[in-house]
There are 2 protein chains.
Amino acid sequence: MIHNNIYFQIELTARKIRQYGQNVLKQHGIDITIEQWLVLNIINENEAINQISIGEKLVKDKPTISRMVNQLNKKEFIIKTTSATDSRNVELSISKKGEDLIKKLYPIIEEIRLTGLSELSKKETESIESILKKIRNKLSD
Amino acid sequence: MIHNNIYFQIELTARKIRQYGQNVLKQHGIDITIEQWLVLNIINENEAINQISIGEKLVKDKPTISRMVNQLNKKEFIIKTTSATDSRNVELSISKKGEDLIKKLYPIIEEIRLTGLSELSKKETESIESILKKIRNKLSD
DNA sequence: TAAAAATAGTTAGCTAAACAACTATTTTTT
DNA sequence: AAAAAATAGTTGTTTAGCTAACTATTTTTA
């Protein structure tokens, strides 16, 4: 049966995590998706980063990052300018509004993380990390 | 850092699995998505099933199933009729063309499964299953 | 039995993932 | 210096997931 399939369980768990997280953000009245938060957080931690670098960190392709960055820009959480030294690159930085959101979000994101992971022992944490990595490695050979 | 986050790793692994699987299907020249295959397989194993039941098995909502079923119908892999006893329900069954595809797909799907999971020990398999379940349960409280 | 509630399915609108094709620069090669 | 290749980003298309709103039946209940 399908439910015994590990692939299915991984995908299902990923969906549940996203659903749960999105729901908590909604309850707090926050207009951002989990994925957009990941991007915003990276921009906050890396001054003048470009989109390719964000893609490398999140393992996502150029169009996906491009669209998410444009969402964040439209919502005025970030500032997007063209690099003065290489006009192919954009330089992304966080806005005041973005900083405020980040501050508001930190405890909420932490709450989301703790909710799902709080009861995992150190051993279980290490175990799932290594098994997931093993699966990814086999699929990348 | 983001890569140490278990949620991120689960989501990343789910994406890798889908990418890898989709790629193998493409290499075999097969015009179906992984998700559509899951639906097709359930229809193959459950005569006259309706869409709600498929949704329950795959833990997906009505619109998602509706669209996937319509794709399969358009590609003529299934036959979709209205139930004679309750016209709210559809009755889905596999077509000859769908049966042929299923037969062709079984070894390919098995190959995809084996590729990622072959080096997991029985203990690792049980371990990841129980940890993923634990996470899902905590998120559903 | 008539009204209300539940059920099955569809449609619309949004985000994200993946791919291909494209523009516009910058760098490398010859 | 001119041509070719590489790089950064955007746009278009398709599929899937999610929510909300909708139609059309069937079942419940008052």
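Residue numbers start from 1 in every chain, and the chains themselves are labelled A, B, ... in the order their sequence lines are given, proteins ahead of strands.
Within 4.0 Å of B:Asp61, counting heavy atoms only, lies at least one base atom of the nucleic acid. At the heavy-atom level, B:Arg67 lies under 4.0 Å from base atoms of the strands shown. Within 4.0 Å of B:Lys16, counting heavy atoms only, lies no atom of the nucleic acid at all. Backbone-only contact: A:Thr33 has heavy atoms under 4.0 Å from sugar-phosphate atoms and none from a base.
Nearest-nucleotide positions on DNA chain C for A:Ser87 and A:Lys74 put A:Lys74 closer to the 5' end. For the pair B:Arg88 and A:Asn23, nearest-nucleotide mapping onto DNA chain D gives the more 5' position to A:Asn23. Take the nearest nucleotide of DNA chain D for A:Arg15 and for A:Asp86: the residue whose nucleotide is more 5' is A:Asp86.
Side-chain proximity of A:Pro63 to D:dG9, D:dT11, D:dA16: nearest is D:dT11. Of the candidates C:dA17, D:dT26, D:dA16, C:dA17 carries the atom nearest the A:Thr64 side chain, counting heavy atoms from C-beta on. Distances from the side chain of A:Glu35 to the nucleotides D:dC18, D:dT11, C:dA16 place C:dA16 closest. Between D:dG17, D:dT19, C:dA8, one nucleotide has an atom nearer to the side chain of B:Ile52 than all others, and that is C:dA8.
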(request) May I have the step-by-step check of side-chain contact (heavy atoms from CB on, under 4.5 Å) for A:Leu72 and A:Ile32, ending in yes or no? (result) CA-CA 8 Å; A:Leu72 291 173; A:Ile32 197 172; 4.0 Å; yes
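A:Ser66 contributes no side-chain N or O that, together with a main-chain N or O of A:Lys62, makes up a donor-acceptor pair within less than 3.5 Å.
Note on B:Lys60: every side-chain N or O is 4.0 Å or more away from OP1 and OP2 of D:dT15. The side chain of A:Gln71 contributes no N or O atom lying less than 4.0 Å from OP1 or OP2 of C:dC14. For the pair A:Gln19 and D:dT19, the criterion of a side-chain N or O lying under 4.0 Å from OP1 or OP2 is not met. Between A:Gln36 and the phosphate of C:dA16, there is a side-chain N or O to OP1/OP2 separation shorter than 4.0 Å. A:Lys62 has no side-chain polar atom (N or O) that falls below the 4.0 Å cut-off from OP1 or OP2 of C:dA21.
Per the geometry, CG belonging to B:Asn89 stands 18 Å off P belonging to C:dA6, to the nearest Å. Atom CG in B:Leu38 sits about 14 Å away from atom C1' in D:dT15, given to the nearest Å. Rounding to whole angstrom units, CG of residue A:Asn50 and C1' of C:dT25 are separated by 14 Å. One can place CG of B:Asn73 at 14 Å from C1' of C:dT10, the figure rounded to the nearest angstrom. The interatomic distance linking A:Met68 (CE) with C:dA17 (C1') rounds to 9 Å, in whole Å. Taking atom NZ on B:Lys75 and atom C1' on D:dT15, their separation rounds to 9 Å, with Å as the unit.
The two residues B:Ile131 and A:Glu124 make their nearest non-hydrogen contact at CD1-O, 3.5 Å. Taking each heavy atom of A:Val69 and A:Ile78 in turn, the nearest pair found is O-CD1, 3.6 Å.
Two residues are said to be in side-chain contact when any heavy atoms from C-beta on lie closer than 4.5 Å; A:Glu35 and B:Glu11 meet this criterion.
Grouping the Ile, Leu, Val, Met, Phe, Trp and Tyr side chains by contacts below 4.5 angstrom, directly or via other members, places A:Ile94 with A:Tyr106.
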